[in-house]
Amino acid sequence: NGKKAKKRKQEYEDEEEEEEEERSTDGSKWKFLEHKGPVLAPPYEPLPGHVRFFYDGKLLRLSAPAEEVATFFAKMLDHEYTTKDMFRKNFYKDWRKEMTSEEKSKITDINKCNFTEMSEYFKAQSEARKQMSKDEKLKIKEENERILQEYGFCVMDNHKERIGNFRIEPPGLFRGRGDHPKMGMLKRRIRPEDIIINCSKDSKHPKPPQGMRWKEVRHDNKVTWLVSWTENIQGSIKYIMLNPSSRIKGEKDWQKYETARRLKKCVDRLRAQYREDWKSKEMRVRQRAVALYFIDKLALRAGNEKEEGETADTVGCCSLRVEHIKLYPKMDDQEYVVEFDFLGKDSIRYYNKMPVEKRVFKNLQLFLENKQPEDDLFDRLNTSILNKHLQELMDGLTAKVFRTYNASITLQQQLKELTSRDIPAKILSYNRANRAVAILCNHQRAAPKTFEKSMQNLQTKIDEKQKQLSATRKQLKGAKTEHKASHDDRSKKMVEVKRKAVQRIEEQLMKLQMQATDREENKQIALGTSKLNYLDPRISVAWCVNWNIILTFWCQEKCMGVKSTYFL
DNA sequence: AGTGTGACTTGTAAGTAGTAAC
DNA sequence: GTTACTACTTACAAGTCACACT
């Protein structure tokens, strides 16, 4: 057994060594990388003959390429997108490119196209999928599992790692968010010859499908991606990278929170600095200081410039325009109020009124002088200038670090402030603290479609519980009276039983009411993004330990101590 | 067994930010 | 400075799944 123990010890030490594996300083991200390449989108399957397309009321058989693009539209027919002019216009334009010359001459007006049979067909298909037998469903599940096992993992250095997105995006119609000028355009099919493979030289290279070639196979260990291709809508590059549970993502995430912690140490100094800069003689310095104040105080994003006409018109701090703010010297009982109203990332509206210090207000008035609504508020500033400045103030500091820092510190403060008595209330407290962060970061969601109904259902439950409670209370009262009269053991027991029942129901009622409050407050607020990307998990862990709350957490997405996601 | 629901996953768009070339 | 390009993080919606409830 001495041998075995020795072996175990050796293994343990190997493991240790592995864990302490030096991260190289030359910017290389890995030494060895092997994977099976991407899963390509399945080829197009033509519609069965009975599914017809009509143009101007007349049956029209489409060529396969034209039919495929038509099905993309048909699949979205119930979606609001297909009612939008821009979407229809862009779709129609790209669709025509796929038509034969005969089709082009016949089809001249999208409004005369009837996609309903196609749409019905796909609906029936998805219905049929739902109705499949357990066996059939299991088969599909097993097949998916097989593909996952084969393509969903790679080996990076000494570890088998889960890949985030190992499937190439299938062709379809581009769904931009907000008022996107390119919505409805055709996202074309990606072929092997469009794909760049990245892996190490000494690995087994992924094979392209029979008779086809990759665009390129490279061995660049300065990057973390395994596969890339250029997408045709914006001409940007898409990547296949590792899952958040991977070492490479986890370490990066850890670093992010460490940088935020370093900011915590010097944030007072930085704040004093930008307040001082509000008085600067230089316009560019004052603009920088006011912008930084917004980023710090309101957790605004940096706001890179965007190419006009290529994307939806959204802004961040540095790209704010005159039209996005209004100044009120007096508003109600407050002085120097700034009203923000603009579309941020994903075209989510940011609306806020904030009283600012007089000096900020005067600066803003100055920045607005002689400008048109569509002019930049901070005309002497951009994200590059701002980040260069931040870099000088603290190593590794950029605008987004403020968001991370302020989100995490807000959670910590709110948890301290809000945490109260019993467990359901504690969970409500946690969610409220989380909500404060989501509000700070403006993380919104569309109210769930079923919100009203599920709220009603919950209310019904509460009402029923209430009735049950008063009934049980009555019974308790009855039991008490009976006990007073008889003074026997049996009636005494009854009183106890009823007392316990009342208590239990009270607890249940409270829990339901908490749930209702929680859900109502959460109607249009998305907690997931902050949980996933902004809240240092150590804060939540500490809170749970402190209050002796059992931390049930789901480790699938990101991993313990490195990137944990959903707490509670 | 069927259905409604919330929890969790997947998909991919839309940001941030660094680098390099002019 | 300006711009193009690249790599990576953050974002919401939609899809899927498991489970409670009828």
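As the structure is a prediction and not an experimental result, all values here were calculated from the model. Note on naming: letters A, B, ... go to the chains in the order of the sequence lines (proteins, then strands), and numbering restarts at 1 for each one.
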In whole angstrom, what separates [X]'s [atom1] from [N]'s [atom2]?
X: A/Ile237; N: B/dT12; atom1: CD1; atom2: C1'; answer: 16 Å
X: A/Ile163; N: B/dG11; atom1: CD1; atom2: P; answer: 13 Å
X: A/Asp346; N: C/dA13; atom1: CG; atom2: P; answer: 8 Å
X: A/Trp229; N: B/dA13; atom1: CH2; atom2: C1'; answer: 13 Å
X: A/Lys29; N: C/dT6; atom1: NZ; atom2: C1'; answer: 11 Å
X: A/Glu80; N: C/dA14; atom1: CD; atom2: C1'; answer: 15 Å
X: A/Leu300; N: C/dT10; atom1: CG; atom2: P; answer: 17 Å
X: A/Phe174; N: B/dA14; atom1: CZ; atom2: C1'; answer: 9 Å

So [X], base contact, sugar-phosphate only, or nothing? Heavy-atom distance under 4.0 Å.
X: A/Thr224; answer: sugar-phosphate
X: A/Ser236; answer: nothing
X: A/Asn387; answer: sugar-phosphate
X: A/Lys137; answer: nothing
X: A/Lys130; answer: nothing
X: A/Ala312; answer: nothing
X: A/Arg403; answer: sugar-phosphate
X: A/Gly316; answer: nothing
X: A/Tyr239; answer: base
X: A/Arg301; answer: sugar-phosphate
X: A/Gly344; answer: sugar-phosphate

| task | Return the 5'-most residue of the pair A/Arg177, A/Glu307 with respect to DNA chain C, ranking by each residue's nearest nucleotide. | result |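 Comparing both residues, the 5'-ward one is A/Glu307.
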| said: Need to verify one output field. Residue with the more 5' nearest nucleotide on DNA chain C, A/Trp225 or A/Glu305? | reply: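 Taking each residue's closest nucleotide, the earlier one in sequence belongs to A/Glu305.
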| message | So, under a plain 3.5 Å distance rule, would you say the side chain of A/Arg445 forms a donor-acceptor pair with the base of C/dC12? | response |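 Side chain to base: no pair present.
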| query | Is there a donor and acceptor pair, one atom on the side chain of A/Lys345 and one on the base of C/dT10, closer than 3.5 Å? | reply |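 Checked by distance alone, the answer is yes.
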Looking at [N], I'd like to know if its phosphate oxygens (OP1 or OP2) sit under 4.0 Å from a side-chain N or O belonging to [X].
X: A/Thr398; N: B/dA17; result: yes
X: A/Lys256; N: C/dT9; result: no
X: A/Lys306; N: B/dG15; result: yes
X: A/His79; N: C/dA14; result: yes
X: A/Lys141; N: C/dA18; result: yes
X: A/Asn304; N: B/dT16; result: yes
X: A/Tyr534; N: C/dT9; result: no
X: A/Ser384; N: B/dG18; result: no

With no hydrogens and no angle check, do the side chains of [X] and [Y] hold a donor and an acceptor under 3.5 Å apart?
X: A/Glu251; Y: A/Gln255; result: no
X: A/Lys306; Y: A/Thr314; result: yes
X: A/Thr71; Y: A/Tyr121; result: no
X: A/Ser530; Y: A/Asn434; result: yes

| message | Can you tell me which residue among A/Ile348, A/Leu298, A/Asn352 is in a side chain to side chain contact (heavy atoms under 4.5 Å, CB included) with A/Asn442? | response |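 Among A/Ile348, A/Leu298, A/Asn352, the one meeting side chain to side chain contact (heavy atoms under 4.5 Å, CB included) with A/Asn442 is A/Ile348.
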For the side chain of [X], starting at C-beta, report the closest nucleotide among [options].
X: A/Val223; options: C/dA7, B/dG11, B/dG18; result: C/dA7
X: A/His180; options: B/dA14, B/dT12, C/dA11; result: B/dA14
X: A/Ala526; options: B/dT10, C/dC12, C/dA7; result: C/dC12
X: A/His443; options: B/dA14, C/dA11, B/dA17; result: C/dA11
X: A/Gln234; options: B/dA17, B/dG11, B/dA14; result: B/dA14
X: A/Glu169; options: B/dA13, C/dA7, B/dG18; result: B/dA13
X: A/Lys249; options: B/dT12, C/dT9, C/dA7; result: C/dT9
X: A/Ala302; options: C/dA13, C/dA14, B/dA17; result: B/dA17

| request: Can you label the angle between the A/His443 ring and the A/Tyr534 ring as parallel, tilted or perpendicular, going by 30° and 60°? | output: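 It falls in the tilted class, 30° to 60°.
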Is the shortest distance from a Lys or Arg side-chain nitrogen in [X] or [Y] to a carboxylate oxygen in the other one below 4.0 Å?
X: A/Glu143; Y: A/Lys139; value: no
X: A/Lys256; Y: A/Asp253; value: yes
X: A/Arg380; Y: A/Glu282; value: no

| task | Starting from the first five and the last five pairs of the helix from B/dA1-C/dT22 to B/dC22-C/dG1, work out the angle between the resulting helix axes, to 10 degrees. | result |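 Comparing the axis at each end, I get an angle of 10°.
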| query | Is the NZ or CZ atom of A/Arg538 both under 6.0 Å from the centre of the six-membered ring of A/Trp254 and within 45° of that ring's axis? | reply |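 Relative to the ring axis of A/Trp254, which defines the angle, A/Arg538 lies inside both limits.
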| task | Start with the C-alpha gap between A/Phe73 and A/Trp95, add the side-chain angles, then the distance that decides, and say whether ring pair (Phe, Tyr, Trp, His ring centres under 6.0 Å) holds. | result | CA-CA 10 Å; A/Phe73 193 85; A/Trp95 187 29; 7.8 Å; no
